[in-house]
Amino acid sequence: MRQPTLTASAQLLADLPDFDPPADLWPRILRRQRVLQLRRRAALGTLLAAASVVLALVLRIPVPVSGDPALVRLQADSQRLESRLAMLVGGFKGSANESPTDLRPVERALQDAYDRGASSAELAELWRRRNEMLDALISTRETGTLVTRI
């Protein structure tokens, strides 16, 4: 390396004029840093809230509506019957097009009962009716008989 280049650079720096910053420069810099930090925190909080909402919507974790053991048992029985029927039918979705027995009215009644905050006894009766219909569908599929509505 050449020494004159280093000396020339040092000379250029020495030739710069003296600079006295304004007295309020550091308080302005600190204030601006605080504002930016608050904005970052607010953006992070908003992002976390939005991610929580999206995650809740995507996962749709079922929350038990009632702690009534009889009702929980009936719901579990219904899921078991649906799984059994799905194996027989090959992808049961609970629509009238796939089965001779129409589950839609009892499912609508169940949804209406939940919407209006029905009692556990009323919900249990509706779940029993749904399970009976699913059981009838299963036995119909297993025996190969057809159900005719009059």
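Just so it is clear, the structure is predicted and the values come from calculations on it, not from any experiment.
Here the side chain of N131 pairs no donor or acceptor atom with the backbone of L81 at under 3.5 angstrom.
The distance from atom CG of L25 to atom CG of D20, rounded to the nearest 0.5 Å, is 11.5 Å. Note: E122 CD to L71 CG = 11.5 Å, rounded to the nearest 0.5 Å. Separating the CD atom in E82 from the CZ atom in R130 is a distance of 4.0 Å, to the nearest 0.5 Å. We find the OG-CE distance between S78 and M133 to be 11.5 Å, quoted to the nearest 0.5 Å.
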Show which side-chain atoms of residues 42-53 pair as donor or acceptor with protein atoms under 3.5 Å away, not counting sequence neighbours.
from, atom 1, to, atom 2, distance (Å)
T46, OG1, A42, O, 2.9
S52, OG, L48, O, 2.9

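With R129 as the fixed residue, the side chain to side chain contact (heavy atoms under 4.5 Å, CB included) test singles out one of V106, L134, L103, L110: V106.
A 6.0 Å sphere centred on CZ of R116 holds more than 12 heavy atoms belonging to other residues, nucleotides or ligands.
Taking every heavy atom of both residues into account, A113 and L123 meet most closely at CB-CD2, 3.6 Å. Shortest non-hydrogen contact noted between S120 and D68 is CB-OD2, 3.4 Å. Between L74 and A124, the closest heavy-atom pair is CD1-O, 3.5 Å.
The shortest side-chain heavy-atom distance between E142 and R84 falls under the 4.5 Å cut-off. The side-chain heavy atoms of D135 and E132, taken from C-beta on, include no pair separated by under 4.5 Å.
Using a cut-off of 4.0 Å between Lys/Arg side-chain N and Asp/Glu carboxylate O, R108 and D112 are scored as not salt-bridged. By the 4.0 Å N-to-carboxylate-O rule, E107 lies too far from R104 to be salt-bridged with it.
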